[in-house]
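Just so it is clear, the structure is predicted and the values come from calculations on it, not from any experiment. In what follows, chains carry the letters A, B, and so on, assigned in the order in which the sequence lines appear, proteins first and then strands, with residues in each chain numbered from 1.
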Amino acid sequence: MILTNQELADIFDRIADLLEIKGEVIYKTLAYRKAAESLRGLAEDAAVLQGQNRLTEIPGVGKAISEKISELLTTGKLGFLEKLEQEVPPTLTELLQVPDVGPRKAALFWKQLGVTNLAELEAAARDGKLRSLPGMGEKSEKRVLEGIEALKRRPKRRLLGNVRPAALRMLDWLRAQPGVEKADLAGSLRRWRATIGDLDLVAASNSPTEVMQAFTSQPEVLRVLGQGENKASVELKDGMNVQLWVQPPERYGTLLQFVTGSKDHNVRLRELAQKKGLSLSEQSIKESNGTERLYAEETAVYAAFGLPWIPPELREDRGEIPAALANKLPNLIEVSDIRADLHTHTTWSDGTASIQQMAEAAIHLGRKVLAITDHSGGLGVAQGLSIERLRQQRLEINQVQERLGEQIVLLQGSEIEIHADGSLDYPDDVLAELDIVIASLHTSLRQERAVITARLLRAMRNPHVDVIGHPSGRLMPNREGADLDWEQVLAAARETGIALEIDALPMRLDLDEVYARRAAEMGIPLVIDTDAHAPDQLELMEYGVSVARRAWVGPESVINTWESERLLGWLKKRQ
DNA sequence: GCCGTTTTCGGCCCGACTGTTTTCAGTCG
């Protein structure tokens, strides 16, 4: 069994948690966290890098951590971790999930009370045993209990697509408050991360106290977690945590920059500041003599370090600061670049709208090409089309095309099922009749790596297949994607010229940003589709575009930004 | 534990807020 980059990253985060509780110097734990984060952003399997003796090329991975990766990949175990788990009870890391409980308090509860897991902590708090510990009191004990309750109510991370509409409503509310001059979404929401923990908002105001007061007394607020001059934090009734940060307008640029993050991006930027004898915070940039420079605009903050403005989607410490320094930031794709949607469903399979309704909605959004790609017969749950029904559908598509004339080009396609053995659901002569063929994995996703990779490769090598739909098959937050050998998948994509899809449904966002970036670097064509099952889902395109932007992808790599003639020519040539 | 156009050793980002404290530790982002 081969450990994935994600699994390795989880192990190093776990080591960091245990080392922190143990009381190891902070920089050691930070080193493990940095290595974990790098592994998550890495498109090449660590196992491949190990084989080539290139593990230390991973940022934040040196001698010690590379040896641990090798040991894990070779034996599946890690002596260092096993020894650590003898010293610190492994279940103790549960305590770190509780708000306001960090490594020091977890260690305190363990050493003084023998607490080793969440249930024991809750019991100790209920028995009033926490209040008498050093540095603790009745209020702290109550906060721990409330934190445990909040943990039970709240899912860990939510999907961007579920959070964003509500966040935009709250932003509108904030902008309408008296005394608020400017306000924006910040944090992972502004960076368009696929999943969101807490919600961060920033505002510019000269009357922060009033703004904070209004914020914490909204009817949706369940409880106030903290409230000061510059910052307030609340838990909403639905379990969501929201932070609001306020500075006067002349400091808004540094505030927005700071709260947007990511944390790692900010650390890099502050290192850069230090080298120039400056100190960056959410308040200002300070010179070494203490003189403050104030920035109302975020662009000016970056300019102060000689950098162009960096789009928030890139701020993950994945090379964006060196790229900005060299003036080599990518020209990112925009939603307005999108001309076609090549993956949609109608009532012919499991969609809720007719071909005509979907086409009209697509025209309304300015699409020039729309592919109707209902499921093939094999996917029983989605009422896939038999060959006979597929041919009937062509007639209706032709009729709708006639009615709509030149407003849009309709294509007939299929989202065809890849069987467990890699064969496809329709015979080749039927596939040849279609304008576009998207092959997707929906079933038997748990096959082991060699099997499912060979299965996908077989489908990719069918010359009628134009696109691989949502390649990993993941459904967030619960279903992991297939355990594919991405080296082979990407190599096959390059060899066959097939396009890989970024599915824009917020629960998919698949390809993810890590592999989308690698694919684009390899010159593999990408396509961003909504996979819409209803007219309003055609608007979800922006989520797919956000993945491409986070993957440093420009419009040229994405075939549905191309002029219609070029796109149709590409499809025709593939046949 | 990592890393180097200031360094192979000595650094490693910065501030708000809370609760427990009489000046600070812990947590968080």
How close do [X] and [Y] get, counting heavy atoms only, and between which atoms?
| X | Y | result |
| --- | --- | --- |
| A/Q283 | A/L294 | O-CD2, 4.1 Å |
| A/E229 | A/M212 | O-CE, 3.9 Å |
| A/S188 | A/G197 | OG-N, 4.5 Å |
| A/R40 | A/D10 | NH2-OD1, 2.9 Å |
| A/A520 | A/V553 | CB-CG2, 3.7 Å |
| A/T116 | A/T91 | O-OG1, 2.7 Å |

| request: Using a cut-off of strictly less than 4.0 Å between a heavy atom of the residue and any atom of DNA chain B, enumerate the qualifying residues of residues 80-100 of chain A by number. | output: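 Hits under 4.0 Å, by residue number: A/V98, A/P99, A/D100.
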
Pick base, sugar-phosphate or nothing for [X], based on heavy-atom distances below 4.0 Å to the nucleic acid.
| X | result |
| --- | --- |
| A/R268 | nothing |
| A/Y32 | sugar-phosphate |
| A/K68 | sugar-phosphate |
| A/E20 | nothing |
| A/K263 | base |
| A/S279 | sugar-phosphate |
| A/N266 | nothing |
| A/L269 | nothing |
| A/P103 | sugar-phosphate |

Could you state the atom-to-atom distance from [atom1] of [X] to [atom2] of [N] in whole Å?
| X | N | atom1 | atom2 | result |
| --- | --- | --- | --- | --- |
| A/K231 | B/dT18 | NZ | P | 9 Å |
| A/L272 | B/dC14 | CG | C1' | 16 Å |
| A/Q243 | B/dA16 | CD | P | 15 Å |
| A/D200 | B/dA16 | CG | C1' | 14 Å |
| A/N241 | B/dC28 | CG | C1' | 11 Å |
| A/M136 | B/dT27 | CE | P | 10 Å |
| A/L255 | B/dC14 | CG | P | 17 Å |
| A/H265 | B/dG29 | NE2 | C1' | 15 Å |

Taking the minimum atom-to-atom distance to the side chain of [X], which one of [options] wins?
| X | options | answer |
| --- | --- | --- |
| A/N230 | B/dG15, B/dC17, B/dC13 | B/dC17 |
| A/A64 | B/dC2, B/dG29, B/dT18 | B/dC2 |
| A/Q227 | B/dT18, B/dC2, B/dG29 | B/dT18 |
| A/I65 | B/dG1, B/dC13, B/dA16 | B/dG1 |
| A/V267 | B/dC13, B/dG1, B/dG15 | B/dC13 |

| message | Quick one: does any side-chain atom of A/R270 pair with a main-chain N or O of A/L280 as donor and acceptor, under 3.5 Å? | response |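 Judged by distance alone, yes, a pair lies under 3.5 Å.
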
| request: May I ask you to decide if A/E44's main-chain N or O and A/N5's side chain share a donor-acceptor pair within less than 3.5 Å? | output: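 Yes; judged by distance alone, with no hydrogens or angles, the pair exists.
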
| said: Taking the nucleotide of DNA chain B with the nearest heavy atom to each, does A/Q247 or A/L133 sit closer to the 5' end? | reply: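 Checking each residue's closest nucleotide, the 5'-ward one belongs to A/Q247.
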
| said: Would A/R268 and A/E271 count as a salt bridge (charged side-chain N to carboxylate O under 4.0 Å, His left out) here? Give the steps. | reply: CA-CA 5 Å; A/R268 286 281 167 268; A/E271 284 171 0; 3.0 Å; yes

Could you list the protein-to-nucleotides 3-6 of chain B atom pairs, N/O on both sides, closer than 3.5 Å?
| from | atom 1 | to | atom 2 | distance (Å) |
| --- | --- | --- | --- | --- |
| B/dC3 | OP1 | A/G60 | N | 3.0 |

| Just wondering, are more than 12 heavy atoms of other shown residues or ligands nearer than 6.0 Å to CD in A/E297? |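 Not buried by this count: 12 neighbours or fewer within 6.0 Å.
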
How far does the [atom1] atom of [N] sit from the matching atom of [M], given to the nearest Å?
| N | M | atom1 | answer |
| --- | --- | --- | --- |
| B/dC2 | B/dT6 | P | 23 Å |
| B/dG26 | B/dT20 | P | 14 Å |
| B/dC17 | B/dT23 | P | 23 Å |
| B/dA16 | B/dG11 | P | 26 Å |
| B/dC13 | B/dG4 | P | 14 Å |
| B/dT7 | B/dC12 | C1' | 13 Å |

| task | Classify the angle between the aromatic ring planes of A/Y543 and A/W192 as parallel (below 30°), tilted (30 to 60°) or perpendicular (above 60°). | result |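 Correct class here is perpendicular.
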
| query | In terms of ring plane angle, is the pair A/Y302 and A/H265 parallel, tilted or perpendicular, where the classes change at 30° and 60°? | reply |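 A/Y302 vs A/H265 ring planes: tilted.
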
Can you find a side chain N or O atom of [X] that sits less than 4.0 Å from OP1 or OP2 on [N]?
| X | N | value |
| --- | --- | --- |
| A/Y27 | B/dG1 | no |
| A/R104 | B/dG26 | yes |
| A/K286 | B/dG15 | yes |
| A/Q283 | B/dA16 | yes |
| A/S140 | B/dT20 | yes |

| Among A/L8, A/L72, A/I69, which one satisfies side chain to side chain contact (heavy atoms under 4.5 Å, CB included) with A/L78? |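 Single side chain to side chain contact (heavy atoms under 4.5 Å, CB included) partner of A/L78 among A/L8, A/L72, A/I69: A/L72.
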
| said: Taking pairing as Watson-Crick or G-U wobble with both contacts under 3.5 Å, can you name the mate of B/dT8, or confirm there isn't one? | reply: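 Paired with B/dT8, as far as the under-3.5 Å criterion goes, is no nucleotide at all.
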
